[in-house]
2 protein chains.
Amino acid sequence: MPRTGTLESKKNARRSSWKQNPQAVQENILRVAQEVFSRNGLSGARVDEIVSLTETSKRMIYYYFGDKEGLYRRTLEEAYRKVRQQEVELDLDHLAPLPALEKLVRFTFRHHRESPDFIRLVMIENIHHGTYLAQSDTIRELNRGAISQLERILARGKAEGVFRPDADPLTVHWQISAMSFFNVSNRATFSLIFGDALNSTAGQDGLETWVADSVRRMVVPSNPIS
Amino acid sequence: MPRTGTLESKKNARRSSWKQNPQAVQENILRVAQEVFSRNGLSGARVDEIVSLTETSKRMIYYYFGDKEGLYRRTLEEAYRKVRQQEVELDLDHLAPLPALEKLVRFTFRHHRESPDFIRLVMIENIHHGTYLAQSDTIRELNRGAISQLERILARGKAEGVFRPDADPLTVHWQISAMSFFNVSNRATFSLIFGDALNSTAGQDGLETWVADSVRRMVVPSNPIS
DNA sequence: GGGGAATTGTACTGATCGGTTAAATCGTTA
DNA sequence: TAACGATTTAACCGATCAGTACAATTCCCC
């Protein structure tokens, strides 16, 4: 349907020239999308809100990402990619097993703490039963390696006799993740019910040490008292 | 016209006052609402879907609960109420501190595991920054007591000298909650990335023991090796 | 047995929201 | 430089969805 009068207005109002910049546009959309999806969830997020926080128009989202779910999927992918990138440069192999493990745990705890948006995206994804994560081969492969550093540390520690021979890397990783994740994911309800003592700077530092201790005490040979 | 005849129960005898079946209707709605909200979240849930799974009509939801958010709030309240009711009858005071703690931890882990709907509601509530939990005084008060059993156990253990004197009840509770909660909340993404070994019956039993151990090792005096 | 309040069914609506249409403009290259 | 594909704009649409109007029915009390 041809618009009436547009032909004329187009001539008068010579638009301030827009530059073609596909890459910047996509990055702009993804950055905003991460923020909005993280805050409101998949069904809670409004495409129009994303648009309004963007330098571009609604059409662009559908042009580059197909539909809302496509944008969400790409957002999730980018978030995982960024997080995993940061995790690699820890250089733990030159440390003794116990200090290496402690450094890894403390890094994980702090890293989760500083990435609430990412945590929220993972929460949202779990609400959706991992539907969209399941659709992305790249994310799944990317993450499998997340455990390899821990595997090496545990192997060295077992060889030296400072770690229990039956300490399972997957389970230890699970333990580290559980506490680091929960610390962020359930902050709202936990603080409301039990107060925010654990949420203060001192409280968080205390928890970090607690988590590091609890992991160390689990991989070390049995406590004779028990 | 299908009245809610099938839902009538012995409660009618109790209530001598007027009304047709308000109580049964509300319970029916709340039961369905918990299921649908738990599955789809607040914004993801469709009022019409709730209605269709109900014996009543859409009008009733708005009559009894005001609006969608009101229904969600009541749903959350009921879920917390039911959960806390079950937690009280544990009778741990006649056990020695260490066995009592182990029983509490294992109960919590198993209880979370068997209440995925409740866990999901709490996840959803955290996505919403605890907005609706904050509006319910009853829930908050209800939950404060959730830590008292642990406090008593720790106090006894410290008195007997089997527990560290500086073991903080809140932190220990946090640790128990973190692992028990994460085990359910992040099952989807964790299984997708790392496989579902920890999700099998054997895997879950192993985790339960792992969690119990990790809590015990934290409250017990320092491991000499460290 | 009727007045009045509480409850319920039916049918509807206005707003929201994801997604689309069709044309205009830009960058590239033949 | 003209043609062409890629990109961008603005207006628009149809479906969905939370919420309502209003009449009808049921129940209690007198």
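Computed over heavy atoms, backbone and side chain alike; hydrogens, waters and symmetry mates excluded. To find a chain, count down the sequence lines: A is the first, B the second, and so on, and within it residues start at 1. Everything numeric in this text was worked out from a predicted model, so none of it was measured.
Remark: S57(A) is in phosphate contact with dT9(D), judged by side-chain N or O atoms under 4.0 Å from OP1 or OP2. Regarding contacts with the backbone of dT20(D), every side-chain N or O of Y63(B) stays at 4.0 angstrom or more from both OP1 and OP2.
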Start with the C-alpha distance between F181(A) and I176(A), add both sets of side-chain angles, then the distance that settles side chain to side chain contact (heavy atoms under 4.5 Å, CB included), and finish with yes or no. CA-CA 8 Å; F181(A) 194 96; I176(A) 299 170; over 6 Å; no
Before giving the answer on side chain to side chain donor-acceptor pair (under 3.5 Å), spell out for Y63(A) and Q26(A) the whole-Å C-alpha distance, their side-chain angles and the decisive distance to 0.1 Å. CA-CA 10 Å; Y63(A) 182 68; Q26(A) 290 179 58; over 6 Å; no
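Distance CG (L71(A)) to C1' (dG19(C)): 13 Å, rounded to an integer number of Å. Note: CE (M60(A)) to C1' (dG18(C)) measures 16 Å, nearest angstrom. Between E55(B) atom CD and dG9(C) atom P there is a gap of 11 Å when expressed in whole angstrom units. Protein atom CD1 of I61(A) is 14 Å distant from nucleotide atom P of dC17(C), rounded to whole Å. When the C1' atom of dC17(C) is taken as reference, atom CD1 of I50(A) falls 12 Å away, rounded to whole Å. As a whole-Å value, the separation of N28(A) CG from dT7(D) P is 16 Å. At whole-Å resolution of the value, CD in Q23(B) and P in dA6(C) are 17 Å apart.
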Strictly under 4.0 angstrom, non-hydrogen atoms only: write out the protein contact profile of nucleotides 13-19 of chain D, one letter per nucleotide from the 5' end, B, S or -. ----SBB
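A donor-acceptor pair is defined here as one N or O able to donate and one able to accept, closer than 3.5 Å; such a pair exists between the side chain of D168(B) and the backbone of T171(B). Side-chain atoms of R152(A) do not come within 3.5 Å of backbone N or O of D93(A) as any donor-acceptor pair.
Heavy atoms of other residues, nucleotides or ligands lying less than 6.0 angstrom from CD of E151(B) number more than 12.
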Please tabulate the protein-to-nucleotide N/O contacts below 3.5 Å involving nucleotides 22-24 of chain D, giving atom names and distances.
unit_1	atom_1	unit_2	atom_2	d
dC22(D)	N4	R59(B)	NE	3.4

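To the nearest 0.5 angstrom, F65(A) atom CZ is 15.0 Å from Y72(A) atom OH. Once rounded to the nearest 0.5 Å, the distance linking NZ of K68(A) with OH of Y62(A) reads 8.0 Å.
With hydrogens and angles left out, the side-chain atoms of N183(B) and Q204(B) include a donor and acceptor closer than 3.5 Å. Under 3.5 Å, the side chains of N126(A) and T189(B) contain a donor-acceptor pair of N or O atoms.
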